[in-house]
2 protein chains.
Amino acid sequence: MRLVIAECSAHYTGRLSAHLPLARRLIVVKADGSVLLHSDGGSYKPLNWMSPPCAMAVRPADEAEAESGVTEIWTVQHAKSDDRLEIELHEVFHDSEHVLGIDPGLIKDGVEAHLQAMLAEQIEILGAGHTLVRREYMTAIGPVDILARDPQGAAVAVEIKRRAEIDGVEQLTRYLDLLNRDPLLAPVQGVLAAQEIKPQARVLAEDRGIRCVVLDYDAMRGVDDVDSRLF
Amino acid sequence: MRLVIAECSAHYTGRLSAHLPLARRLIVVKADGSVLLHSDGGSYKPLNWMSPPCAMAVRPADEAEAESGVTEIWTVQHAKSDDRLEIELHEVFHDSEHVLGIDPGLIKDGVEAHLQAMLAEQIEILGAGHTLVRREYMTAIGPVDILARDPQGAAVAVEIKRRAEIDGVEQLTRYLDLLNRDPLLAPVQGVLAAQEIKPQARVLAEDRGIRCVVLDYDAMRGVDDVDSRLF
DNA sequence: GATTGAATATCGACG
DNA sequence: CGTCGATGTTCAATC
């Protein structure tokens with residue numbers, strides 16, 4: 001990754017044509033050849049950029065260009081489209097190169113943990129009179145997302161997903177098999193709770209006597225203040 | 001603008017929860033307090049970021065954190081929402097500060113100018129036998145995008161828009177009123193040319209005897225080589 | 001189907 | 001009505 005701070009102007013042609021007047025900016029040249037032009041404000045979005053795959057050609061300014069203060073011209077051409085970004089560099093204030101390596105990338109902690117925390121606090125979403133036993137109720141084959149009791153005191157095992165598919169039903173079925181062997185718990189009712197339940201998952205779940213509950217994330221979030229306590 | 005290259009990990013909570021495992025990254029702190037975390041690949045989009053308005057608090061690592069290699073913790077809190085970005089800095093490889101000043105910002109040369117240039121070159125799109133008089137034909141109230149002549153030599157005033165709405169019809173109507181007072185031009189026919197013409201605009205235009213022409217940008221672009229001459 | 005990446009457009013909020 | 005900022009989402013393409 002190359003970082004350059006320089007007075008520069010730029011032209012972009014592609015989906016549209018645009019230009020950037022002369023100003024001092026940050027130019028980032030990434031290892032894959034992509035280029036970002038950032039100002040000191042605005043959002044996370046660069047003023048202009050070229051996404052990979054692309055190639056950059058550098059040439060020194062000709063006499064006429066040098067006359068107007070240009071030192072180098074960088075032409076960044078997209079490999080597949082006609083998109084082109086042309087940067088005219090004037091005075092350069094900083095220029096450094098850094099090796100970063102491959103990034104493991106962003107890991108979304110997922111709405112699932114969030115849904116679990118909120119459902120635990122709003123357990124009556126399962127039905128009036130339900131009470132929470134505990135989150136992450138441990139079994140030999142892993143933790144059940146939520147264990148609760150219905151108004152009659154019968155155990156309820158809840159599997160939470162953002163999008164419930166067949167897998168989720170299978171998983172919950174395994175937990176139910178196991179929990180139902182415990183005389184202190186049996187009979188255990190199963191609930192599949194998710195923001196979105198795929199049709200096949202719903203059919204399979206209901207066929208197995210598992211109740212499906214669609215969770216309204218925004219509504220739950222509006223009710224609950226758990227957000228601030230998640231981390 | 002502050003540029004930091006460092007080993008770091010990060011947590012984000014807001015619309016969703018996410019974390020970035022330890023890796024070497026570019027951290028940009030803009031003058032307005034916004035923060036961008038970039039890897040050496042991906043698109044123009046940062047791995048994670050915090051947009052303004054926001055404030056950054058820096059604190060040294062406590063003993064336990066220092067134990068695991070953390071040197072500083074940066075907490076970036078959005079001013080209006082609960083969005084928060086927490087960055088744990090480990091080894092720092094580069095740290096520099098730069099004053100960029102206000103950026104004049106991106107100027108879109110617009111598809112409109114492009115369409116105008118192409119239509120001028122492919123004026124027979126208006127109909128066989130049409131000839132170009134000139135682009136940006138000046139009038140007292142501003143320039144008409146294109147002035148042409150039909151096969152019979154009658155004047156044709158063209159208003160070009162990317163998306164033609166009521167405004168465009170009104171604008172063209174004003175030009176036509178003016179042009180029709182010129183005995184050398186009158187009677188002047190009006191043409192509303194656009195990639196997309198809104199229904200109301202079409203109705204109003206046709207009601208006023210203005211012809212509507214839908215321009216196929218890609219087809220025009222395929223025919224024409226004007227792209228390369230725009231700049 | 002699921003998964004990945006690209007988006008320089010479009011929408012909505014805001015002043 | 002215009003500008004600015006947001007899309008931390010959506011969608012298409014691809015595998």
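First the proteins, then the strands, lettered A, B, ... as listed; each starts at 1. The basis for the numbers below is simple: all heavy atoms, side chains too, and nothing from hydrogens, waters or symmetry mates.
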To the nearest 0.5 Å, what is the distance between OG1 (A:T71) and CD (A:E7)? 10.5 Å
If the cut-off is 4.0 Å, is B:S51 near the phosphate of D:dA6, judged by side-chain N/O to OP1 or OP2? yes
Report all interatomic pairs (protein N or O, nucleotide N or O of nucleotides 9-13 of chain D) with separations under 3.5 Å.
| residue | atom | partner | partner atom | Å |
| --- | --- | --- | --- | --- |
| D:dT9 | O4 | B:K45 | NZ | 3.4 |

Salt bridge (charged side-chain N to carboxylate O under 4.0 Å, His left out) involving [X] - partner list, sequence neighbours excluded:
{"X": "B:E86", "value": "none"}
{"X": "A:E65", "value": "A:R59"}
{"X": "B:R202", "value": "B:E206"}

Using side chain to side chain donor-acceptor pair (under 3.5 Å) as the criterion, list what pairs up with B:H90, not counting sequence neighbours. none
Please list, chain by chain and in numerical order, all residues satisfying ring-ring contact (aromatic ring centres under 6.0 Å, His included) with A:H94, sequence neighbours excluded. B:H94, B:H98
Contacts of type ring-ring contact (aromatic ring centres under 6.0 Å, His included), residue A:Y44, not counting sequence neighbours: B:W49
[N] [atom2] sits how many Å from [X] [atom1], rounded?
{"X": "A:E86", "N": "C:dT8", "atom1": "CD", "atom2": "C1'", "result": "18 Å"}
{"X": "A:W49", "N": "C:dA7", "atom1": "CH2", "atom2": "P", "result": "8 Å"}
{"X": "A:N48", "N": "C:dT8", "atom1": "CG", "atom2": "P", "result": "12 Å"}
{"X": "A:D32", "N": "C:dT4", "atom1": "CG", "atom2": "P", "result": "18 Å"}
{"X": "A:H11", "N": "C:dT8", "atom1": "NE2", "atom2": "P", "result": "21 Å"}
{"X": "B:L106", "N": "D:dT3", "atom1": "CG", "atom2": "P", "result": "14 Å"}
{"X": "A:H19", "N": "C:dT8", "atom1": "NE2", "atom2": "C1'", "result": "15 Å"}

Quick note, salt bridge (Lys or Arg N to Asp or Glu O under 4.0 Å) partners involving residues 32-58 of chain B, not counting sequence neighbours, are none
Would you kindly check whether a donor in the side chain of A:D83 faces an acceptor in the base of C:dT8, or vice versa, at under 3.5 angstrom? no
Using the [atom1] atom as the reference point in each nucleotide, state the distance between [N] and [M] in Å, no decimals.
{"N": "C:dT8", "M": "D:dT14", "atom1": "C1'", "value": "23 Å"}
{"N": "C:dA9", "M": "D:dT9", "atom1": "P", "value": "22 Å"}
{"N": "D:dG8", "M": "C:dG15", "atom1": "C1'", "value": "25 Å"}

Any Lys/Arg nitrogen of A:E121 or A:R135 sitting under 4.0 Å from an Asp/Glu carboxylate oxygen of the other? no
Looking across every strand, which nucleic acid part, if any, lies under 4.0 Å from A:P46 by heavy atom: base, sugar-phosphate, or nothing? nothing
Where do N or O atoms of nucleotides 11-14 of chain C meet protein N or O atoms at under 3.5 Å, pair by pair?
none

Aromatic ring of A:Y44 stacked on base six-ring of D:dG5, 5.5 Å, 30°: no
